[in-house]
Amino acid sequence: MSAVLMHSQEGTPLHLIEKEYYANWLDSQPEHVKQWLLHSGYAGSGHTIIPATDGSIDSVLCVVESTEDFFVCGNLSSALPAGTYTPVSDLSDESLLALAFGWGVGAYRFDRYTEKSAVTAKLALNNEAIIEEARRLTEGTKRVRDLINTPASDMMPQNISSAVHSMADEFDAKVRDIVGSELLEQNYPMIHAVGRASEHDPRLIDMTWGDPDHPKVTLVGKGICFDSGGLNMKPGDSMRLMKKDMGGAAHTIGLAYLIMANKLPVRLRLLIPAAENAVSGNAFRPGDVIPTRKGLTVEIDNTDAEGRLVLCDALFEGASEKPDLMIDFATLTGACRVALGTDLPGFFTNQKQLAGDLMQAGEKISDPVWNLPLFRMYKEALHSEVADMVNSVPGPFGGAITAALYLEAFVEETPWVHFDVMAWNRRALRGKPVGGEAMGMRAMFEYLRQRYPN
Ligand code: BES
Ligand code: ZN
Ligand code: ZN
């Protein structure tokens, strides 16, 4: 993907114009350009190729609502013929970054299992810093998409672990895995309980990077490699996409990549509880009471509410170090999709100021996120008759909130953000093919970059 971005100033001219300036721009064009745009039926929006009088390509025109939208040019790299293109309009650095990012992510193909035609249209910018920044942002997005798109047969806990280990090698980070029965020995009973029915051992992947004296930022990602629902088995159509249930883990790997590649001055810790929610004679059951790392006992109301179970042990471990900020990403609830739809991730936080700053950061970088409330009145719904809590609340109401309140019980006073994400594009949009998607990752990164500048 980043091969389609070049540092150079040579290329076919690309006129990138906002709608409100199009009429002015058209006025200033030579007669043959005006005539071509008129007769070719160009509607004044989107891209079109402008031929030279000899039939070669003179330039490309692209009219957009806003050049600051990171996805507005997301279709150009796939739609244009082979060649190198360079913007000739007067664009701010923000708009150049948006253009380069859209160009790069638009070139994404998931071709691990079948050949896909490679993208041959390149973007040349005369600004190396922007090219490099766009390359890092596209690379982070590509890593998230690849991890999610890879089917569960090739993305079990050990495969997530390999991905983290190779990233750790890249950046000189340290990783330690706690695997299978070691989880019981080292007091991670919930991660073990959720994953024990699988052929593939559950594990907690624990990576650290950076100067120990820097502020601590801890990422926790839900790594359910496949969510069958367990004994409360999902119906087939709800199970169909559940290879994406490690999407939270993928987001935290992508975010860790961005933090390390940009050398943010933080001490980073990445915790991924990875497990398959499978069915077998030794699967955990509805009604079982299972202890947590924190010591609270949890009665299993529904084995399909497994994400919060693996997360609660990892979050409690994360909180024990008292980080400056702890961030989790999880494909946690269908309820959050009911509330906000599939393209807008919800987030919860116990930090008031952070909520507004994060939504602003998301808007700036075209990665919208929406704050939902930790509405404490609903906490009583997690009451159990036989244990300290239940893991889920039956019924159709407020499920994203009760899931977040469950997690909060394990985070205690730690400053914390919890993202409930879809991690999947259900339909193709500019620069966003059907399949795994990073949602909220760049928003969170932009927030962290502003808070911990280097
Ligand atoms: N992985 C699912 C949630 C999910 C489903 C996220 C579809 C995105 C799209 C999670 O483990 C789950 O099954 N949650 C249940 C919770 C319920 C049993 C309380 C849900 O949302 O139905
Ligand atoms: Zn589930
Ligand atoms: Zn799940």
Side-chain angles (χ1 to χ4, degrees), residues 148 152 155-157 160 190-191 193-195 197-198 202 220-251 272-279 283-288 298-312 314 328-348 372 378-379 381-384 389-407 418-427 434-440:
I148 298 171
M155 194 47 70
M156 279 296 158
I160 299 183
M190 276 300 187
I191 303 174
V194 169
S198 171
V220 181
K222 171 178 171 182
I224 296 297
C225 297
F226 189 77
D227 184 9
S228 70
L231 289 171
N232 290 108
M233 188 167 276
K234 287 183 184 293
D237 55 348
S238 308
M239 205 191 293
R240 177 62 181 88
L241 291 181
M242 283 299 133
K243 69 172 182 181
K244 79 174 173 75
D245 215 21
M246 36 58 69
H251 277 67
I272 297 179
E276 181 191 6
N277 190 16
V279 176
F284 75 124
R285 315 162 188 86
D288 283 356
V298 174
E299 181 187 10
I300 304 303
D301 172 72
N302 190 320
T303 60
D304 198 10
E306 81 301 333
R308 61 197 78 178
L309 299 176
V310 297
L311 285 171
C312 75
D328 80 69
F329 279 88
T331 49
L332 202 63
T333 68
C336 197
R337 311 289 70 80
V338 174
L340 299 176
T342 56
D343 297 321
L344 182 59
F347 74 88
F348 298 81
L372 294 172
Y378 297 162
K379 182 115 192 239
L382 292 167
H383 171 80
S384 164
M389 324 165 63
V390 289
N391 75 324
S392 79
V393 179
F397 302 118
I401 297 177
T402 49
L405 289 171
Y406 175 94
L407 296 179
H418 154 58
F419 283 91
D420 195 333
V421 296
M422 177 68 175
W424 192 266
N425 295 320
R426 291 170 61 241
R427 68 218 182 293
V434 170
E437 186 60 282
M439 298 180 170

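Just follow the structure's listing: the first ligand is 1, and inside any ligand the first atom is 1.
The heavy atom nearest to atom 10 (C) of ligand 1, considering only L332, T402, V421, is found in L332.
Within ligand 1, the atoms closer than 4.0 Å to a non-hydrogen atom of G334 are 3 (C), 4 (C), 20 (C), 21 (O), numbered from 1 in the order shown. Close approach of ligand 1 to S392 (heavy-atom distance below 4.0 Å) involves ligand atoms 19 (C).
The Zn ion (ligand 3) has an N, O or S atom of D245 closer than 2.8 Å. Residue contacts to the Zn ion (ligand 3): G307 brings no N, O or S atom closer than 2.8 Å.
For K222, every heavy-atom contact with ligand 1 shorter than 4.0 Å involves the side chain, none the backbone. Neither the backbone nor the side chain of M239 has any atom closer than 4.0 Å to an atom of ligand 1 (non-hydrogen atoms only). When heavy-atom distances to ligand 1 are checked against a 4.0 Å cut-off, D304 comes that close through both its backbone and its side chain.
Here the rule is side-chain hydrogen bond (donor to acceptor under 3.5 Å, both in side chains) with N232, and of T303, D304, N277 only T303 fits it.
In summary, K244 and D227 do not engage in a salt bridge, as defined by a charged side-chain N under 4.0 Å from a carboxylate O.
Seen from the Zn ion (ligand 3), atom NZ of K222 and atom OD2 of D227 lie 170° apart in angle, a value rounded to 10°.
When the Zn ion (ligand 3) is compared with the N/O/S atoms of E306, atom OE2 turns out nearest.
The protein non-hydrogen atom at the shortest distance from atom 2 (C) of ligand 1 is D227 OD2, 3.6 Å.
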